[in-house]
Amino acid sequence: MYPKKSTTFIVILVFLSTYFSYAQNTMYYMDRMPQKQLYNPALMPNVKFFMTLPGLNGTSVQAYNSGFNYNELDYFLDNLDNENYDPEEFINSIGSTNKTIFEGRANLLSFGFRIKDNSYFAFNYSVNSTSSVDAESEIAYLLTDYDDLSLDKFPLVVDGVDVKSNTYTSLGFTYARKINEHLTLGISSGLNFNTFGLKTKGLRYEVDIEETDPYGNNSYDEIFNGEMILGLPTEINPDAIDGNELDIEEGLLPDGWEDDLSGGNLFQNASLSINLGATYELEKWLFSASLLNLGSSKWKQYGYRLEGNQDVIYVYEEKVKMGIPTRLYLGAIRQFSPKWNYGILLNSNFYAGGANSAATISLNGVVGRALSTSVSYTAGYKFDNLGIGLRLRFLPGVDLYCVTDNIIQAFSYKKANRLTASVGINFSFGIKEGLISSENTLDEIENAFEGNE
């Protein structure tokens with residue numbers, strides 16, 4: 001039986017399904033991974049030059065749901081028509097609210113190179129998306145076939161549905177410099193071309209039985225009201241607006257709007273963001289800190305505020321500003337052998353209305369010239385996040401990598417509340433042998449260890 005979904009919930013799912021994240025704690029300390037600079041611009045890659053190509057250079061994704069996993073939802077939906085099943089037990093197990101997060105990053109092109117021995121420059125062109133949905137736990141009922149619900153569940157009311165989404169293309173420029181033998185600083189500036197943004201305010205949805213026919217079949221009245229802020233890549237369909245009233249049945253965007261887009265459409269809604277990072281080496285330790293996504297997305301054109309209910313929706317054109325979740329990373333690793341270290345990483349992602357934090361411990365190292373690896377455990381979200389990262393040089397200058405913070409859930413995704421994955425291919429040349437956390441050569445490292453014995 002396929003669930004009946006309300007109009008609002010369909011809109012939410014359509015928006016969320018467009019996203020490709022990157023919140024991979026396991027990757028942070030991996031050797032010869034240029035992607036580390038996405039988490040801390042001061043982490044200079046251990047290669048003289050790297051490049052990634054469209055279609056090969058990697059996609060990272062993250063999905064998280066706080067209250068339930070796929071199996072739990074499936075069991076809930078399958079048993080609603082069982083008179084011995086109490087659906088409120090499932091709703092209560094979610095808690096007062098449920099939070100869903102989707103994040104993504106698709107790298108389109110990147111390259112970087114070392115400048116002498118103390119600096120590094122990198123460029124990255126990517127598509128970035130982030131979205132979150134906070135709602136009362138009763139939102140799970142909107143996924144059901146209403147005919148399976150008992151009559152005492154009506155009217156079904158879900159208040160305060162809070163949706164935030166942001167999609168943008170970014171041109172990023174990173175510069176890192178070793179200030180002295182201990183301190184390295186890095187900065188990334190992003191020129192962001194904002195494509196789609198959405199946030200809701202006070203969205204309320206209600207479903208009630210409208211009438212019952214002589215055969216006992218119900219029809220339902222769906223009522224919604226609230227406010228929605230939109231940033232779009234083009235104007236709202238002029239044929240759908242009469243005065244300032246929106247007829248959604250005409251289509252929100254004009255027919256063939258994709259064909260009319262040009263480079264100029266991107267530049268007219270541009271904004272800036274900044275990433276800051278630092279590392280500090282002290283004997284066998286490397287300490288690191290970074291603060292990412294200092295900025296916001298702005299729509300000077302094609303920004304709209306929609307408010308109303310199921311009977312009438314009013315549209316007002318205005319400038320729109322959407323936040324980008326700020327990220328904080330704090331970490332430390334200790335080298336206990338020339339090719340292996342262990343580390344700890346604290347990560348917080350700050351969203352409007354709250355933050356999600358996690359702590360990761362990891363063992364990181366290299367095996368010969370062909371393989372880098374990391375094994376990690378992350379506490380946060382849930383407590384069964386065993387991660388693994390592999391970088392394999394399968395051709396001269398060509399590295400295949402795959403990383404996840406949740407290897408167990410990857411093989412049992414129906415039981416997972418959180419999934420992360422990154423995969424791609426790097427072209428890198430001029431490998432600088434040595435500690436993952438150091439700029440020294442392998443001989444210098446081994447000598448240093450021998451001198452301390």
Side-chain angles (χ1 to χ4, degrees), residues 21-53 56-62 105-114 120-126 172 174 176 184 186 188 275 277 279 286 288 290 292 327 329 331 333 335 339-343 345 347 360 362-376 378 387-405 407 420-439 442:
S21 153
Y22 67 105
Q24 296 261 338
N25 293 349
T26 305
M27 187 185 289
Y28 191 90
Y29 289 128
M30 285 185 64
D31 182 53
R32 301 175 198 172
M33 290 290 290
Q35 287 77 11
K36 294 189 299 183
Q37 287 194 305
L38 299 175
Y39 309 104
N40 187 330
L43 291 173
M44 291 191 284
N46 287 20
V47 295
K48 292 183 179 179
F49 174 80
F50 77 87
M51 180 176 62
T52 61
L53 299 177
L56 300 174
N57 57 345
T59 296
S60 301
V61 295
Q62 175 181 220
R105 183 185 186 100
N107 292 323
L108 304 179
L109 176 66
S110 61
F111 63 85
F113 52 88
R114 185 175 297 276
Y120 211 96
F121 174 82
F123 167 83
N124 183 270
Y125 176 42
S126 63
T174 300
T184 300
S188 295
N275 300 336
T279 66
L286 176 77
S288 63
S290 60
L292 312 181
R327 307 179 191 279
Y329 288 91
I333 56 175
Q335 209 74 32
K339 294 186 178 182
W340 292 89
N341 65 51
Y342 56 82
L345 181 67
N347 164 230
T360 299
S362 61
L363 175 67
N364 317 281
V366 294
V367 181
R369 292 175 175 267
L371 180 65
S372 301
T373 185
S374 178
V375 179
S376 70
T378 298
I388 188 168
L390 297 173
R391 177 207 57 86
L392 176 64
R393 174 146 294 196
F394 65 98
L395 289 173
V398 185
D399 295 328
L400 170 68
Y401 70 88
C402 53
V403 186
T404 179
D405 289 344
I407 187 65
T420 68
S422 291
V423 62
I425 293 177
N426 294 326
F427 298 86
S428 58
F429 307 93
I431 295 171
K432 195 174 181 66
E433 298 283 4
L435 284 178
I436 298 172
S437 62
S438 175
E439 296 298 317
L442 184 58

Checklist outcome for this item: Heavy-atom nearest pair, Pro41 first then Ser188, reads CB-OG, 3.4 Å
Next on the checklist: Would the distance check show the side chain of Thr373 and the main-chain N or O of Gly365 forming a donor-acceptor pair, the cut-off being under 3.5 Å?
Outcome noted: no
Checklist entry - If you measure from CG on Asn124 to CG on Leu38, what distance do you get to the nearest 0.5 Å? => result 6.0 Å
Checklist entry - Any side-chain heavy-atom pair from Ser288 and Asn40 closer than 4.5 angstrom? => result yes
Checklist outcome for this item: Interatomic distance, CG@Leu286 vs OG1@Thr279, rounded to 0.5 Å, equals 5.0 Å
Item to check | Closest approach of Gly368 to Arg32 (non-hydrogen atoms, all atoms of both residues) | outcome: O-NH2, 4.4 Å
Checklist entry - Do the two ring centres, one from Phe427 and one from Phe50, sit under 6.0 Å apart? => result no
Next on the checklist: If you define the side chain from C-beta out and look only at heavy atoms, does anything of Leu345 sit under 4.5 Å from Tyr329?
Outcome noted: yes
Checklist outcome for this item: Interatomic distance, NZ@Lys36 vs CE@Met30, rounded to 0.5 Å, equals 9.0 Å
Next on the checklist: Let me confirm one number: the OG1-CG distance from Thr420 to Asp405, rounded to the nearest 0.5 Å.
Outcome noted: 4.0 Å
Next on the checklist: side-chain contact (heavy atoms from CB on, under 4.5 Å), that's the test. Do Thr26 and Thr404 meet it? Break it down for me.
Outcome noted: CA-CA 7 Å; Thr26 305; Thr404 179; over 6 Å; no
Item to check | Spacing of Gln37 atom CD and Leu43 atom CG [to the nearest 0.5 Å] | outcome: 7.5 Å
Next on the checklist: Could you tell me if the side chain of Tyr401 sits less than 4.5 Å from the side chain of Met27, heavy atoms only?
Outcome noted: yes
Checklist entry - Quick one: are Tyr39 and Asn275 in side-chain contact, heavy atoms under 4.5 Å? => result no
Checklist entry - Taking all atoms of both residues into account, what is the closest heavy-atom pair of Phe429 and Gly397, and its distance? => result CE2-CA, 3.8 Å
Item to check | Partners meeting side-chain contact (heavy atoms from CB on, under 4.5 Å) with Ser372 (sequence neighbours left out) | outcome: Asp31, Val366, Arg391
Checklist entry - Are Arg327 and Ser290 linked by a side-chain donor-acceptor pair shorter than 3.5 Å? => result no
Checklist entry - Quick check, are the ring centers of Phe113 and Phe49 under 6.0 angstrom apart? => result no
Checklist entry - Can you tell me how far CG of Asn107 sits from CD of Gln35, rounded to the nearest 0.5 angstrom? => result 6.5 Å
Checklist entry - Would you say the side chain of Phe123 lies within less than 4.5 Å of the side chain of Thr174, judging by non-hydrogen atoms? => result no
Next on the checklist: Between Ser60 and Ser422, is there a side-chain donor-acceptor contact under 3.5 Å, judged purely by atom types and distance?
Outcome noted: yes
Checklist outcome for this item: Heavy atoms of Pro34 and Asn426 approach each other most closely as CD-ND2, 3.5 Å
Item to check | Any Trp340 side-chain heavy atom under 4.5 Å of Leu363 side chain | outcome: yes
Item to check | Pairwise side-chain contact, Thr52 with Tyr125, heavy-atom cut-off 4.5 Å (strictly under) | outcome: no
Checklist entry - Is there side-chain contact between Asn364 and Tyr342, with heavy atoms separated by less than 4.5 Å? => result no
Checklist entry - Got a donor-acceptor contact below 3.5 angstrom from the Arg114 side chain to the Pro45 backbone? => result yes
Checklist outcome for this item: Heavy-atom nearest pair, Ser428 first then Val47, reads CB-CG1, 3.8 Å
Next on the checklist: Before you tell me yes or no, could you show the steps for Arg393 and Val398 under side-chain contact (heavy atoms from CB on, under 4.5 Å), namely the whole-Å CA-CA distance, both residues' side-chain angles and the distance that decides it to 0.1 Å?
Outcome noted: CA-CA 6 Å; Arg393 174 146 294 196; Val398 185; over 6 Å; no
